Amino acid sequence: MPPSSIALSIIGAGFLWVGWFGFNAGSAIASNNLASYVFLTTNIAASAGALSWMFAEWIAHKHPTMLGAASGAVAGLVGITPACGYVSVVSSLLIGIIAGIISWIGVSYVKYKFSYDDSLDVFGVHGLNGIFGILAVGLLATKSVSPKNGLLLGNFHTFFIEFLAIIIIIAYSALGTFLLAKLTSILTHGLRVSEEDEQKGLDIATHTEQGFDI
């Protein structure tokens, strides 16, 4: 389903983009060279993600979209976040390009192939590129920016640590989500509304009013 307002979606993506600078660059807890560097790699990856998503849908569907550009930017931001203070500027460009394509495939094909319910494409954008971003640290980290090199510069240990982190995070997230979903289902009327209410939309079915009178 398309968003009720493309304009508000783009504004929201812009807020995310600006806020992400504080999220990434602010992690340095100082206004220093590293914070400035992370600001740069974050912006490059977001820009590259927006462009790669647009070009992917341009090639596949013969037209790019603003919603695709916004989604690609978020994909680039997610992909670079684990790696923003560990990889080169060129690597941040590569990460952004790959992140946009990964999320486009995840949202356009993988979701429908496996028929999982992901109305906000959280897994397709954040999940897949969170995994990719962690792997990117293990692959592309460089001593010119970070304490250790990655696999492509001869250090397998860094890649192994990042890969192990992915396995632990997936296990923790899956177990935690399962337990919380079960608890929520028990304490409420379930995790889903009826099919009729889903077709109407929760604005009408639950709140009896529309967000937009279009």
Side-chain angles (χ1 to χ4, degrees), residues 12-56 69-107 120-174 176:
F15 285 153
L16 273 175
W17 194 327
V18 173
W20 222 288
F21 291 134
F23 184 64
N24 281 2
S27 298
I29 318 296
S31 181
N32 54 23
N33 290 339
L34 180 59
S36 300
Y37 185 84
V38 167
F39 192 104
L40 178 62
T41 56
T42 298
N43 194 57
I44 288 173
S47 303
L51 289 172
S52 67
W53 185 306
M54 286 177 64
F55 276 107
S71 301
V74 175
L77 290 167
V78 174
I80 194 59
T81 293
C84 57
Y86 299 91
V87 301
S88 68
V89 171
V90 173
S91 292
S92 71
L93 177 64
L94 180 64
I95 288 171
I97 292 171
I98 296 174
I101 295 172
I102 286 175
S103 283
W104 177 74
I105 293 172
V107 168
L120 297 178
D121 292 316
V122 175
F123 180 72
V125 176
H126 292 265
L128 292 178
N129 274 310
I131 293 170
F132 166 63
I134 296 173
L135 282 177
V137 177
L139 288 169
L140 300 171
T142 172
K143 272 188 175 181
S144 63
V145 182
S146 65
K148 295 182 179 180
N149 287 327
L151 181 62
L152 295 185
L153 291 175
N155 189 353
F156 175 77
H157 182 259
T158 301
F159 179 79
F160 174 76
I161 292 298
E162 299 301 323
F163 182 78
L164 184 62
I166 291 172
I167 301 302
I168 294 171
I169 291 167
I170 290 174
Y172 171 79
S173 300

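Since we're looking at a predicted model, the values are computed, not measured. For this chain, numbers begin at 1 and follow the sequence in order.
- Contact record, A50 with A69: CB-O, 3.3 Å, taken as the closest heavy-atom pair.
- Closest heavy-atom contact between A83 and G133: CB-O, 4.2 Å.
- The OH atom of Y86 lies 15.5 Å from the OG atom of S92; values are rounded to the nearest 0.5 Å.
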TODO: Kindly determine whether T158 and N155 satisfy side-chain hydrogen bond (donor to acceptor under 3.5 Å, both in side chains), including the steps that lead there.
DONE: CA-CA 6 Å; T158 301; N155 189 353; 3.0 Å; yes
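- Contact record, G79 with A99: CA-CB, 4.5 Å, taken as the closest heavy-atom pair.
- Below 30°, between 30° and 60°, or above 60°: for F23 and W20 the angle between ring planes is above 60°, a perpendicular geometry.
- Under the side chain to side chain donor-acceptor pair (under 3.5 Å) criterion, S146 pairs with no residue at all, not counting sequence neighbours.
- Minimum interatomic distance between S103 and G124 (heavy atoms only, all atoms of both residues): OG-O, 3.0 Å.
- Counted within 6.0 Å of CZ on F163, heavy atoms from surrounding residues, nucleotides or ligands total 12 or fewer; the atom is thus considered open.
- Two residues are said to be in side-chain contact when any heavy atoms from C-beta on lie closer than 4.5 Å; T142 and L153 meet this criterion.
- Considering only heavy atoms from C-beta on, V74 stays 4.5 Å or farther from W53 through its side chain.
- Shown here are the ring-ring contact (aromatic ring centres under 6.0 Å, His included) partners of F39, two or more places apart in sequence or in another chain: F21.
- The side chain to side chain contact (heavy atoms under 4.5 Å, CB included) search around Y172 returns none, not counting sequence neighbours.
- The shortest non-hydrogen separation linking G130 to P82 is O-CG, 4.4 Å.
- Here CD1 of I102 is found 6.5 Å from CD1 of I98. Values are rounded to the nearest 0.5 Å.
- With sequence neighbours excluded, the residues forming a side chain to side chain donor-acceptor pair (under 3.5 Å) with T42 are N24, listed by chain and number.
- Evaluation of the side chain to side chain donor-acceptor pair (under 3.5 Å) rule for S71 yields no partner, not counting sequence neighbours.
- Annotation: salt bridge (charged side-chain N to carboxylate O under 4.0 Å, His left out) contacts involving residues 121-143, sequence neighbours excluded, comprise K111-D121.
- Expressed to the nearest 0.5 Å, how far CD1 of I80 lies from CG of L40 amounts to 10.0 Å.
- Listed by first and then second residue, the salt bridge (charged side-chain N to carboxylate O under 4.0 Å, His left out) pairs that reach into residues 150-169 come to none, sequence neighbours excluded.
- Within a 6.0 Å radius of CG in L120, other residues, nucleotides and ligands contribute 12 heavy atoms or fewer.
- We find the SG-CG distance between C84 and L77 to be 10.5 Å, quoted to the nearest 0.5 Å.
- Annotation: the span from I95 atom CD1 to S88 atom OG amounts to 8.0 Å, rounded to 0.5 Å.
- Evaluation of the side chain to side chain donor-acceptor pair (under 3.5 Å) rule for S31 yields no partner, not counting sequence neighbours.
- Every side chain to side chain contact (heavy atoms under 4.5 Å, CB included) that I97 has, sequence neighbours left out, goes to A48, S52, L93, I101.
- The shortest heavy-atom contact between T41 and V87 is CG2-O, 4.4 Å.
- For N32, the side chain to side chain contact (heavy atoms under 4.5 Å, CB included) criterion is met by A28, A30, L34, A35, not counting sequence neighbours.
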Task: Test log, rule side chain to side chain contact (heavy atoms under 4.5 Å, CB included), inputs V89 and I44 - done: CA-CA 8 Å; V89 171; I44 288 173; 3.3 Å; yes
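- Partners of I166 under the side chain to side chain contact (heavy atoms under 4.5 Å, CB included) rule, at least two apart in sequence or in another chain, are I131, I134, L135, I170.
- The list of ring pair (Phe, Tyr, Trp, His ring centres under 6.0 Å) pairs with a residue in residues 120-154, not counting sequence neighbours, reads Y116-F123.
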